[in-house]
Undergrad: 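Provided herewith is a single structure, encoded as structure tokens, for subsequent inquiry.
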There are 2 protein chains.
Amino acid sequence: MAARSKTTILDIAREAGVSKSTVSLVLQGSSLIRSDTASKVRKAIEETGYVYNRGAANLRKAYSNVIGMVVNDLTNPFYAELAVGMERAFQSASVVPFIANTAESPVRQEEVLKSMLEQGVAGLIVSPARGTRPDAFRQIEAAGIPMVFAMRRLPESRVPVVVPDNWRGAALAARHLLAKGHRRLAFLAGSPDLVVYRERVGGFREACQEFGIPASDIAVLEGETSRKGGMACLDRALTAEDPPTAALCFNDAVAFGALLALRRRGLEPGRNFAVVGFDDVAEAEHYMPALTSVAVDTAGLGERAAHMVLKMIQSRTTRAEDHIGAVNLVVRESCGPDRSSEYDTAKHDTPQQGAAA
Amino acid sequence: MAARSKTTILDIAREAGVSKSTVSLVLQGSSLIRSDTASKVRKAIEETGYVYNRGAANLRKAYSNVIGMVVNDLTNPFYAELAVGMERAFQSASVVPFIANTAESPVRQEEVLKSMLEQGVAGLIVSPARGTRPDAFRQIEAAGIPMVFAMRRLPESRVPVVVPDNWRGAALAARHLLAKGHRRLAFLAGSPDLVVYRERVGGFREACQEFGIPASDIAVLEGETSRKGGMACLDRALTAEDPPTAALCFNDAVAFGALLALRRRGLEPGRNFAVVGFDDVAEAEHYMPALTSVAVDTAGLGERAAHMVLKMIQSRTTRAEDHIGAVNLVVRESCGPDRSSEYDTAKHDTPQQGAAA
DNA sequence: CCTGATAAATGGAACGTTCCAATAAATCAA
DNA sequence: TTGATTTATTGGAACGTTCCATTTATCAGG
């Protein structure tokens with residue numbers, strides 16, 4: 001049914017009675033072309049249903065307008081939000097981001113990266129999958145393609161990163177709990193193969209030390225960083241001989257799981273046990289109880305990463321300075337700051353700006 | 001720092017002491033090449049850090065291995081899940097899906113589609129943005145590119161669709177509420193510019209009619225299809241002179257909003273007011289109270305859509321039969337099926353399979 | 001050792017664009 | 001009117017691949 005012959009620049013040149021070069025110039029919006037010829041050409045383009053072949057163009061031009069965005073878990077609203085922030089930045093730069101999901105699989109990640117390379121992306125924003133080998137990006141670096149890591153960093157990598165101030169965020173959260181009088185604390189879920197984890201646990205430990213909490217009174221429990229993992233970790237924490245009274249969770253998903261597990265045990269989050277999350281996803285505000293969490297301005301970080309890679313492309317460099325994003329603790333109800341547990345209008349978060357490290 | 005000269009097929013031909021044609025053949029895994037020459041070539045590829053230029057290849061081949069996936073709202077976990085289902089299907093077909101987000105903007109959608117066309121996608125899976133004009137896909141259809149709509153359909157379109165059985169799902173849910181004795185019902189959020197909406201409201205009305213409910217006793221309230229919209233709609237519903245006792249929500253996000261609004265008013269969802277959602281996102285099971293919802297097998301539909309477009313590409317057609325996915329009602333706690341409101345171990349959902357229409 | 005067949009490798013044209021150098025057309029100063 | 005300038009337009013050679021038609025190497029069978 002469809003006329004499956006492709007129209008090229010030559011067809012529309014013939015149609016408009018000009019040369020292919022003229023058409024090309026028009027396509028690029030050159031000012032060298034008289035405006036009446038230009039509109040003649042544009043009309044022909046309109047009529048023939050011509051579609052520009054970017055592959056052919058890139059062959060000659062050696063730079064493209066697509067930027068790859070590789071994320072490790074799209075179903076996590078956190079990463080979706082990151083992606084949205086990036087798109088916002090790209091839109092005004094007339095580049096198109098193509099998103100691909102690795103589902104936390106290094107193998108899949110390799111495929112995806114290869115495909116993006118082959119497609120000729122101008123730059124890359126990557127949130128590396130867990131368990132990524134150090135040499136996974138060798139080829140990209142060799143090709144000199146600008147790349148930045150977002151939200152996650154690799155141990156020994158020279159690739160610039162855009163991450164929140166994990167250490168400070170965790171310390172902030174822990175101090176909040178300590179200031180409320182808690183003396184036996186737990187850190188729930190995550191595992192040390194992620195640098196983020198080490199940073200967050202580091203901040204957590206530091207704050208505990210400041211308050212003179214003996215190491216024996218803090219429990220750091222590894223586990224899956226999901227709702228399920230949170231439930232499991234909390235259960236594990238509470239079965240200890242001398243259980244903690246408060247927990248800092250690796251991220252909000254874990255925190256939601258912890259809250260759920262508390263309820264299941266007949267404990268009331270906020271009153272009997274304090275919970276703090278990390279990331280401050282949109283849902284945190286609307287949870288029951290509303291979750292106290294470390295806000296990292298996800299979309300802002302995404303935007304930042306986008307600008308970074310854009311600038312790198314422009315200045316044809318593969319290096320840039322790391323950006324450590326400010327964080328701040330958004331206090332809501334899950335630590336029971338006020339002893340009332342009414343479901344009144346959630347107090348509006350007034351993000352007191354935190355300084356970057 | 002980086003050696004910014006690109007290696008081509010000729011470079012590796014020289015390196016391996018063969019012709020470019022041979023290299024090309026090796027790249028395609030042809031059996032015409034003796035295995036020792038092949039491995040010689042592969043070694044050269046390895047050493048030089050060569051990256052295949054798919055743009056150049058497509059120029060000659062006129063078919064590509066990328067499929068575009070255009071979704072209207074990535075931050076909705078529902079669509080993210082859809083995307084994941086699609087990826088699963090594509091992975092085994094060695095095609096790479098590139099995801100782009102339109103954020104419900106027809107303008108952005110146009111840009112994104114144009115870009116994908118230019119990039120030479122072999123096929124397209126689209127969940128159209130709200131307010132998409134009927135001729136938005138004219139160019140794609142003219143180009144004869146296989147396309148399927150997922151989750152949403154356009155009023156007068158011949159493009160094949162993969163959607164859940166919205167009508168039946170809504171009817172199922174409404175009957176559930178009616179069977180529980182509710183006689184004043186509301187349908188919350190959404191608006192008639194979406195075909196999905198009309199289908200769901202249709203099923204809802206049909207069920208009410210079956211039970212002989214007068215039209216004056218059912219309230220259909222339009223509104224934003226978000227948590228916020230849900231809260232607003234519920235508030236609106238309850239201020240009516242003779243308020244409903246149960247609501248079917250356009251989707252789960254709306255339902256979560258409705259539950260929240262109930263709590264804010266001091267009402268207990270499940271006991272004082274029944275709420276049913278639609279889509280059954282992962283979160284529904286873990287909510288408090290666990291949300292009764294119409295399950296649509298999102299990932300399955302995504303997979304289905306992927307296979308559909310794959311098949312269309314293979315058979316070079318632009319037509320296919322619509323797929324209407326089976327739905328079933330997952331009964332949890334938000335309609336208070338049992339009058340106990342304990343937070344005990346959530347009853348495990350036993351999805352009694354519903355037949356397709 | 002040759003013949004014919006088969007297997008393996010190759011050169012060249014094409015794909016649709018951009019860009020440079022060159023030409024043609026329009027404009028201007030004298 | 002003419003040459004000098006400026007403004008518009010154009011052909012042709014790339015870009016990195018595939019694929020067809022050839023050429024060259026390999027191998028049986030006589």
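Any value given below was found using the heavy atoms of this structure, including those in side chains, with hydrogens, waters and symmetry copies removed. We name chains A, B, ... by the order of the sequence lines, and we start the count at 1 in each one.
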Undergrad: In whole Å, I'd like the distance from the CG atom of A/Asn65 to the P atom of C/dT18.
TA: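 My rounded result for the distance is 12 Å.
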Undergrad: Where each residue is assigned the nucleotide of DNA chain C containing its nearest heavy atom, which of B/Leu59 and B/Asp36 is assigned the position nearer the 5′ end?
TA: B/Asp36
Undergrad: Answer yes or no: is there an ion pair linking A/Asp36 with A/Arg34, defined by an N-O contact shorter than 4.0 Å?
TA: yes
Undergrad: How do B/Val18 and A/Asn53 order along DNA chain C: which one's closest nucleotide is nearer the 5' end?
TA: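 Going by which nucleotide is closer to the 5' end, it is B/Val18.
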Undergrad: May I have the distance from A/Ile33 (atom CD1) to D/dT9 (atom P), rounded to whole angstrom?
TA: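 Spelled out: CD1 on A/Ile33 to P on D/dT9 is 5 Å.
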Undergrad: Mind checking B/Thr8 for me? I need base, sugar-phosphate or nothing, with any heavy atom below 4.0 Å counting as a touch.
TA: sugar-phosphate
Undergrad: Side-chain donor or acceptor of B/Arg60 under 3.5 Å from a matching atom on the base of D/dT17?
TA: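 Looking at the base of D/dT17, it does not pair with any donor or acceptor on the side chain of B/Arg60 (distance under 3.5 Å).
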Undergrad: Report the C-alpha separation of B/Val309 and B/Phe90 in whole Å, then their side-chain angles, then the decisive distance to 0.1 Å, and conclude whether the side chain to side chain contact (heavy atoms under 4.5 Å, CB included) test is met.
TA: CA-CA 10 Å; B/Val309 73; B/Phe90 284 139; 4.0 Å; yes
Undergrad: In whole Å, I'd like the distance from the NZ atom of B/Lys20 to the C1' atom of D/dT22.
TA: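 From B/Lys20 NZ to D/dT22 C1': 13 Å.
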Undergrad: Looking across every strand, which nucleic acid part, if any, lies under 4.0 Å from A/Tyr63 by heavy atom: base, sugar-phosphate, or nothing?
TA: nothing
Undergrad: Below the 4.0 Å mark, does D/dT9 have OP1 or OP2 next to a side-chain nitrogen or oxygen of A/Ser19?
TA: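 A/Ser19 to D/dT9 OP1/OP2: no side-chain N or O under 4.0 Å.
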Undergrad: Without decimals, in angstroms, what is the distance between A/Lys6 NZ and C/dT17 C1'?
TA: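 In whole Å, C/dT17 C1' lies 13 Å from A/Lys6 NZ.
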Undergrad: Rounded to whole Å, please give me the gap between OH in B/Tyr50 and P in D/dC15.
TA: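 Whole-Å distance recorded here is 15 Å.
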Undergrad: Go through it in stages, so that I can follow the logic: the residues are B/Val121 and B/Phe98, the test is side chain to side chain contact (heavy atoms under 4.5 Å, CB included), and I'd like the CA-CA distance, side-chain angles, deciding distance and then a yes or no.
TA: CA-CA 9 Å; B/Val121 294; B/Phe98 282 159; over 6 Å; no
Undergrad: Select from B/Ala56 and A/Arg34 the residue whose nearest nucleotide in DNA chain D is closer to the 5' end of that strand.
TA: A/Arg34
Undergrad: Verify the contact: side-chain N or O of A/Thr22 to OP1 or OP2 of D/dT9, cut-off strictly under 4.0 Å; return yes or no.
TA: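 Answer no for this pair, as no side-chain N or O of A/Thr22 is under 4.0 Å from OP1 or OP2.
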Undergrad: Would you tell me if any nitrogen or oxygen in the side chain of B/Gln28 comes within less than 4.0 Å of OP1 or OP2 on D/dT17?
TA: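 For D/dT17, OP1/OP2 do not have a side-chain N/O of B/Gln28 under 4.0 Å.
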Undergrad: For the pair made of NZ in A/Lys40 and P in D/dT10, what is the distance, rounded to whole Å?
TA: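 Distance check: A/Lys40 NZ to D/dT10 P gives 8 Å.
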Undergrad: Would you mind checking if A/Lys114 and A/Glu111 are paired as a salt bridge, meaning a charged N to carboxylate O distance below 4.0 Å?
TA: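 Answer for the salt bridge query: no.
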Undergrad: Are A/Arg152 and A/Glu104 within salt-bridge range, i.e. N to O under 4.0 Å?
TA: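 Looking at A/Arg152 and A/Glu104, the cut-off is met.
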Undergrad: Given atom NZ of B/Lys61 and atom P of C/dG16, what is their separation to the nearest angstrom?
TA: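 Rounded to the whole Å, the gap is 15 Å.
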Undergrad: Tell me the interatomic distance from B/Leu32, atom CG, to D/dT26, atom C1', rounded to whole angstroms.
TA: 15 Å
Undergrad: Which part of the nucleic acid, if any, lies within reach of B/Leu27 when heavy atoms closer than 4.0 Å are counted: base, sugar-phosphate only, or nothing?
TA: nothing
Undergrad: Does B/Ser21 get its side chain close enough to the base of C/dG11, under 3.5 Å, for a donor-acceptor pair?
TA: yes
